[in-house]
Amino acid sequence: MAKITKRADDYSQWYIDIVTRAEMADYAPVRGCMVIRPWGYAIWERMQRALDDMFKATGHSNAYFPLLIPQSFLEKEAEHVEGFAPECATVTRVGDKPLEEPLVLRPTSETIIWAMYKRWIQSWRDLPLLYNQWANIIRWEMRTRLFLRTTEFLWQEGHTAHATAEEAREEAERMLGVYRTFAEEWMAMPVLAGRKSEAEKFAGAEATYTIEALMQDGWALQAGTSHFLGQNFAKAFDVQFQNKAGALEYVWASSWGVSTRLVGALVMSHSDDEGLVLPPKLAPQEVVVVPILKSGADNAAITTAAVRVAEPLEGGVRVHVDDRDNVSPGWKFNEWELKGVPVRVEIGPKDVEKGQVVLVRRDTGEKTPVPQGEVPVRVPVLLEEIQRGLFERAKARLEANCPRVDTYESLREALEGAGGFVYAPWCGGAECEARVAEETKATIRLIPEDAESCGGCVVCGQGPAKRVPFARAY
Ligand SMILES: [Zn+2]
């Protein structure tokens, strides 16, 4: 097997090598599109399952709204259409007949959902509506970055309707908390959480909240957002309800989403120069048992031992016995390392004699001989250790890459050097934000709730300023 590109040589090629060689995704015939292969899709399915459970536990139901949205719907919310129009694809013709009204392939579903909410909401008794949908989205892209930026991607979008502003805002904050828990506990990926600046918020939102992760190259990645939409969509679609006092009021809204770009974030958070590294909770297979078979020898005892070792793990742990006889054990080791399986169990003739196996960790490479009888106890403990270890390592990396600077020159140097979240004072002005973005390609990733107050803005020198993280982002 050819080696994958090293991170230090070419980070973006390293990422592409892992995604394609681990058979997670491939380029589609249409530019901008990708094919998600079974190994990548299995990771997405595990993400979906965990998130879906968390959505249900917070009172949400799944529904499904159509892919095709009348173009006039998008035009009803002025900021929304302005934000999305450049990347919208539109169906204008069926067969050789032009459509009476062009239909947009959904870039997000606020408009069609609020057109329906108008039919379903009359009184305060109809509220709240707490809906989520799992769907595909089309936002036209000319450059493909597998999982990170593609024309079509998969996501979930929550859309909720409430009687009061406080409830809608609380919902947006609650779901950001759900995303944060998921990122940290499942993806082993620590994040910063906060509110987006006016320039960076969702088109049509009053406020956008975000979680931001740090990739190994010092770039940030927006991993999930939730929006307090105020009454913007209710007004655009005339959705009013009768309150308890009998008066008509516009409905308050939130929306929130995460997408398959989380798979890309997962790859870039933990993987190394040997390939993918997966946190056990999201690994399609947590354990692979590899019997070390010799060609020409009687391998029956080894194969039987391998199956016996795997059996008691089944049910509690996702385990696979790789008994292929057409490839060497070394080839299998490389393949499962490339695919990021957290624990490999090796069992050869000597191990059979000694009644043991060798446990090999994917994240550290550490090898430990273990009596066969202890495998059912030792493996689950080891998996938990790996999950925790990945988070702790990523957290230490995040904490080591949050430099503080107080001058424009040092902001620039930090961004052009190691990157990371570079904390600098900002006055809150859009012009200062835009200047940094233009000159350094870095954006304000979020405004922390507990942002430190400080003297002068790093750009204009005016105060009062708050210390916010700047970063280049995927
Ligand atoms: Zn300023």
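Each residue takes its place number in the sequence, starting with 1. Order of listing sets the numbers, starting from 1, for every ligand and every atom in it. Only heavy atoms go into these numbers, but all of them, side chains included; no hydrogens, no water, no symmetry mates.
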J.: Considering residues at least two apart in sequence or located in another chain, which fulfil the side-chain hydrogen bond (donor to acceptor under 3.5 Å, both in side chains) criterion with H270?
T.: none
J.: Compile the donor-acceptor pairs under 3.5 Å between side chains in residues 413-433 and protein atoms, sequence neighbours left out, one pair per line.
T.:
residue	atom	partner	partner atom	Å
W426	NE1	G429	O	3.0
E433	OE2	S197	OG	2.5

J.: Can you check the number of protein N/O/S atoms within less than 2.8 Å of the Zn ion (ligand 1)?
T.: 4
J.: Above 12 or not: heavy atoms from other molecules or residues under 6.0 Å from CZ of R435?
T.: yes
J.: Excluding sequence neighbours, so at least two apart, what forms ring pair (Phe, Tyr, Trp, His ring centres under 6.0 Å) with H162?
T.: none
J.: S255 and H159: side-chain donor and acceptor closer than 3.5 Å?
T.: no
J.: Without hydrogens or angle criteria, can the side chains of E171 and W256 be said to hold a donor-acceptor pair below 3.5 Å?
T.: yes
